[in-house]
Amino acid sequence: MSVLPAGTAADLMQLLTQAERLLSRHVAGILREEGCSAEAWRVLHLLAEGGGRPMTEVADRSFLPPGTLTKVVDQLVELGLVYRRIDPADRRRIRAFLAPRGRQLHARIAERIEADVAELPVPGADREHLAALLHALSQAMTTTPVAA
């Protein structure tokens with residue numbers, strides 16, 4: 001018999017961490033089979049949203065320190081999955097783009113992850129509701145200043 005969490009902020013943090021780690025384990029197997037690291041997947045997934053992204057935005061949104069991001073993007077460029085261009089609006093900035101091979105790899109991995117998650121014994125409507133709630137939480141926390 002499982003006990004429902006109390007709902008405190010500490011409980012939420014624990015539940016989010018647990019869910020993230022368990023989901024990461026599922027995804028890690030797929031990524032390993034595809035020869036893709038979790039860091040590379042985060043970059044590919046972000047770039048798949050369309051258009052080029054400034055490297056600073058890619059670092060922020062993929063939760064990678066700039067040095068690590070550079071190494072990951074260098075590897076993706078070597079594999080022909082990503083390419084970089086100077087930002088025409090600000091020539092000091094570099095933008096990263098998903099190459100056609102990267103788009104194909106992203107589509108294949110995303111399809112496998114979607115299928116894997118769909119097999120979990122959680123109704124699709126609940127997964128969609130959870131995604132909406134997590135998005136709302138992220139948005140709220142992004143726009144709320146962090147206490148000192």
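Quick note: numbers below take in every heavy atom, side chains included, and nothing from hydrogens, waters or symmetry partners.
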Report yes or no: do [X] and [Y] belong to one cluster of Ile/Leu/Val/Met/Phe/Trp/Tyr joined by side chain heavy-atom distances under 4.5 Å?
X     : Y     : answer
Val72 : Leu79 : yes
Leu23 : Leu31 : yes
Ile94 : Val77 : yes
Met55 : Tyr83 : no
Val58 : Ile86 : yes

request  = Please check if the side chain of Arg95 supplies one atom and the backbone of Gly52 the other of a donor-acceptor pair under 3.5 Å.
outcome  = yes

At what distance, to the nearest 0.5 angstrom, does [atom1] of [X] lie from [atom2] of [Y]?
X      : Y      : atom1 : atom2 : result
Glu128 : Asp126 : CD    : CG    : 9.5 Å
Glu49  : Arg61  : CD    : CZ    : 4.5 Å
Gln14  : Thr17  : CD    : OG1   : 6.0 Å
Ser37  : Leu44  : OG    : CG    : 8.5 Å
His106 : Leu46  : NE2   : CG    : 9.5 Å

Side-chain heavy-atom pair [X], [Y] within 4.5 angstrom cut-off:
X      : Y     : value
Asp74  : Arg84 : yes
Arg112 : Glu34 : yes
Ile109 : Val27 : no
Val43  : Leu64 : yes
Ile30  : Trp41 : no

Side chain to side chain contact (heavy atoms under 4.5 Å, CB included) between Val122 and Leu130, intermediate numbers included | CA-CA 11 Å; Val122 177; Leu130 176 60; over 6 Å; no

Nearest heavy atoms of [X] and [Y], plus distance in Å:
X      : Y      : result
Ala118 : Arg127 : CA-NH2, 3.7 Å
Leu47  : Arg53  : CD2-CG, 3.6 Å
Leu69  : Ser62  : CD1-OG, 4.3 Å
Phe63  : Arg42  : O-NH2, 4.1 Å
Ala99  : Gly80  : CB-O, 3.4 Å
Pro54  : Arg93  : CB-NH2, 3.0 Å

Is it true that, when you exclude [X] itself, more than 12 heavy atoms of the residues, nucleotides or ligands shown sit nearer than 6.0 Å to its [atom1]?
X      : atom1 : value
Glu111 : CD    : no
Glu114 : CD    : no
Arg108 : CZ    : yes

Residues passing the ring-ring contact (aromatic ring centres under 6.0 Å, His included) test with His26, sequence neighbours excluded, are none

Practice task
Apply side chain to side chain contact (heavy atoms under 4.5 Å, CB included) to Val82 and Leu98, showing your working.
Solution key: CA-CA 5 Å; Val82 168; Leu98 200 57; 4.2 Å; yes

| Between the side chains of Glu20 and Ser24, does any donor sit under 3.5 Å from an acceptor? | yes

* To do: Test Leu12 against Leu137 for side chain to side chain contact (heavy atoms under 4.5 Å, CB included), laying out the working first.
  => CA-CA 11 Å; Leu12 179 60; Leu137 178 63; 4.1 Å; yes

